Amino acid sequence: MNSICVGILALQGDYGKHKEKCDWLGVDSIYVRSSEELNRCTHLIIPGGESTTISKLMKLYGMVDELKKFGKEKYIWGTCAGMILVAKKVDDTRVENLGLIDIYVQRNAYGRQVDSFITEENLPLIDGKEKFKLIFIRAPVLLEYGDSVTPLGFVNEIPVIARNDNVLVSSFHPELTPDLRMHSYFIFKMGKKK
Ligand code: GLN
């Protein structure tokens with residue numbers, strides 16, 4: 001069995017906090033800034049940040065084709081800006097999205113920075129023990145999803161977590177709380193039954 005290596009796309013955004021969570025879980029993780037680094041990984045996290053900037057940097061670093069290939073074969077989790085980047089359809093043409101999961105996403109759909117918010121929610125499909133604290137920062141909204149996609153959690157009836165076979169998306173920032181359950185779901189449970 002291949003051992004787990006979680007890559008964290010470290011071009012822009014909140015990648016450091018994801019590394020910290022992987023360390024807390026005791027799994028090997030590396031920052032990814034090249035196709036060579038990507039190819040050492042079994043999993044990849046695309047963090048929150050600015051999707052237009054990350055998209056430009058993916059191109060500049062020559063990683064777009066490798067990321068698309070990786071997203072067909074291995075596990076990818078896009079959080080916030082990362083969710084925009086892995087989506088099949090985005091409302092903003094400045095983002096060159098990777099098209100890895102059949103969702104339609106609207107950027108900044110809750111409003112501006114001042115409209116960022118924190119809420120608490122039960123997410124029994126991730127872990128039913130206690131509520132999660134969910135931090136939304138200029139978050140995108142998942143407007144539509146296809147048959148290959150399963151929503152795994154809602155806030156005000158809007159899906160905030162969803163997945164297909166190997167791609168997970170969330171519109172909030174799980175790396176900003178000490179809660180390890182989202183990282184644990186991605187790293188240890190993605191391969192298991194939905
Ligand atoms: N507003 C950002 C974008 O559209 C995403 C914000 C975030 O990742 N927290 O790219």
Side-chain angles (χ1 to χ4, degrees), residues 1-88 90 92 94-103 105 107 126 135 137-140 161-192:
M1 192 186 96
N2 286 341
S3 55
I4 292 171
C5 177
V6 180
I8 301 152
L9 193 70
L11 302 178
Q12 188 268 339
D14 199 19
Y15 47 84
K17 285 277 178 192
H18 282 288
K19 180 100 176 58
E20 181 186 82
K21 300 295 167 306
C22 292
D23 292 346
W24 290 359
L25 284 170
V27 292
D28 286 337
S29 63
I30 59 168
Y31 289 131
V32 169
R33 297 188 180 94
S34 68
S35 299
E36 292 70 37
E37 286 163 348
L38 181 63
N39 289 329
R40 286 164 45 198
C41 302
T42 52
H43 295 62
L44 180 75
I45 299 174
I46 304 184
E50 191 59 35
S51 53
T52 48
T53 306
I54 299 175
S55 150
K56 277 189 199 135
L57 293 171
M58 280 173 174
K59 245 172 130 175
L60 192 68
Y61 284 61
M63 297 180 70
V64 174
D65 290 343
E66 285 299 323
L67 282 163
K68 285 184 178 167
K69 193 165 156 250
F70 188 96
K72 290 198 181 100
E73 297 163 355
K74 296 179 182 168
Y75 296 110
I76 292 203
W77 176 21
T79 68
C80 208
M83 163 164 139
I84 299 166
L85 287 158
V86 296
K88 187 168 173 189
V90 177
D92 187 336
R94 288 173 300 169
V95 180
E96 288 195 39
N97 40 308
L98 299 168
L100 302 176
I101 178 167
D102 188 8
I103 56 173
V105 172
R107 294 184 65 214
I126 302 298
I135 303 177
I137 305 170
R138 293 180 67 228
I161 311 171
R163 66 171 289 183
N164 62 17
D165 282 340
N166 63 312
V167 180
L168 178 69
V169 290
S170 52
S171 52
F172 54 95
H173 279 264
E175 79 284 6
L176 291 178
T177 75
D179 195 329
L180 294 174
R181 289 176 292 171
M182 279 299 299
H183 289 78
S184 180
Y185 180 88
F186 173 60
I187 297 166
F188 303 120
K189 297 191 197 154
M190 277 295 280
K192 310 236 169 80

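Keep in mind that what you see is a predicted model, and the values were worked out from it rather than measured.
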**OP:** Decide if atom NZ of K56 counts as having more than 12 heavy atoms of other residues, nucleotides or ligands within a radius under 6.0 Å.
**Re:** no

Original post:
At what distance, to the nearest 0.5 angstrom, does CG of L38 lie from OH of Y61?
Top reply: 14.5 Å

Original post:
Can you tell if the side chain of R181 reaches within under 4.5 Å of the side chain of K189, non-hydrogen atoms only?
Top reply: no

Original post:
Donor-acceptor pair, T42 side chain versus C5 backbone, under 3.5 Å?
Top reply: yes

Subject >> Note, K68 side chain near V64 side chain (heavy atom, < 4.5 Å) >> reply: yes

Original post:
What are the two closest non-hydrogen atoms of G62 and S35, and how far apart are they?
Top reply: O-OG, 3.7 Å

**OP:** Report the distance from atom CD1 of I30 to atom SG of C41, rounding to the nearest 0.5 Å.
**Re:** 4.0 Å

Subject >> Test side chain to side chain donor-acceptor pair (under 3.5 Å) applied to T79 - qualifying residues, sequence neighbours left out >> reply: none

Original post:
Would you say I137 and C80 make side-chain contact, with heavy atoms under 4.5 Å?
Top reply: no

**OP:** Scan residues 25-37 for pairs that pass salt bridge (Lys or Arg N to Asp or Glu O under 4.0 Å), counting only residues two or more places apart or in two chains.
**Re:** none

Subject >> Straight-line distance of L98 CG to I84 CD1, nearest 0.5 Å >> reply: 12.0 Å

Original post:
Would you call the rings of H183 and H18 parallel, tilted or perpendicular if under 30° counts as parallel and over 60° as perpendicular?
Top reply: tilted

Subject >> For the student: nearest non-hydrogen atoms of I54 and L11, plus distance >> reply: O-CD1, 4.2 Å

Original post:
Are side-chain heavy atoms of H43 and V27 found at a separation under 4.5 Å?
Top reply: no

Subject >> Step-by-step side-chain contact (heavy atoms from CB on, under 4.5 Å) determination, F188 to I4 >> reply: CA-CA 9 Å; F188 303 120; I4 292 171; 4.1 Å; yes

Original post:
Do any N or O atoms from the side chain of S55 and from the backbone of E96 form a donor-acceptor pair under 3.5 angstrom?
Top reply: yes

**OP:** Any chance you could lay out the side-chain contact (heavy atoms from CB on, under 4.5 Å) test for V32 and Y15, step after step, and finish with the verdict?
**Re:** CA-CA 10 Å; V32 169; Y15 47 84; over 6 Å; no

Subject >> Sub-4.5 Å side-chain heavy-atom contact between I45 and K21 >> reply: no

Pair up each side-chain donor or acceptor in residues 167-177 with any protein partner under 3.5 Å, not counting sequence neighbours, and list the distances.
from	atom 1	to	atom 2	distance (Å)
S170	OG	W77	NE1	3.0
H173	ND1	E175	OE2	2.6
T177	OG1	D179	N	3.2

Original post:
If only atom types and distance count, is the side chain of R163 paired as donor or acceptor with the main-chain N or O of M190 below 3.5 Å?
Top reply: yes

Subject >> Non-hydrogen atoms of I76 and F186 that approach each other most closely >> reply: C-CE1, 3.5 Å

**OP:** Could you please spell out the steps behind the side-chain contact (heavy atoms from CB on, under 4.5 Å) verdict for D65 and K69?
**Re:** CA-CA 6 Å; D65 290 343; K69 193 165 156 250; over 6 Å; no

Subject >> Heavy-atom closest contact (C22 atom, V6 atom, distance) >> reply: SG-CG1, 3.9 Å

Subject >> Any donor-acceptor pair under 3.5 Å from N166 side chain to G71 backbone >> reply: yes

**OP:** Would you confirm whether N97, through its side chain, and D92, through its main-chain N or O, come within 3.5 Å as a donor-acceptor pair?
**Re:** no

Original post:
Taking atom CG of L85 and atom CD1 of I101, what is their separation to the nearest 0.5 Å?
Top reply: 13.5 Å

Original post:
Is the closest basic N to carboxylate O distance between D23 and K19 below 4.0 Å?
Top reply: yes

**OP:** For residues L67 and L44, determine if any side-chain heavy atom of one lies less than 4.5 Å from a side-chain heavy atom of the other.
**Re:** yes

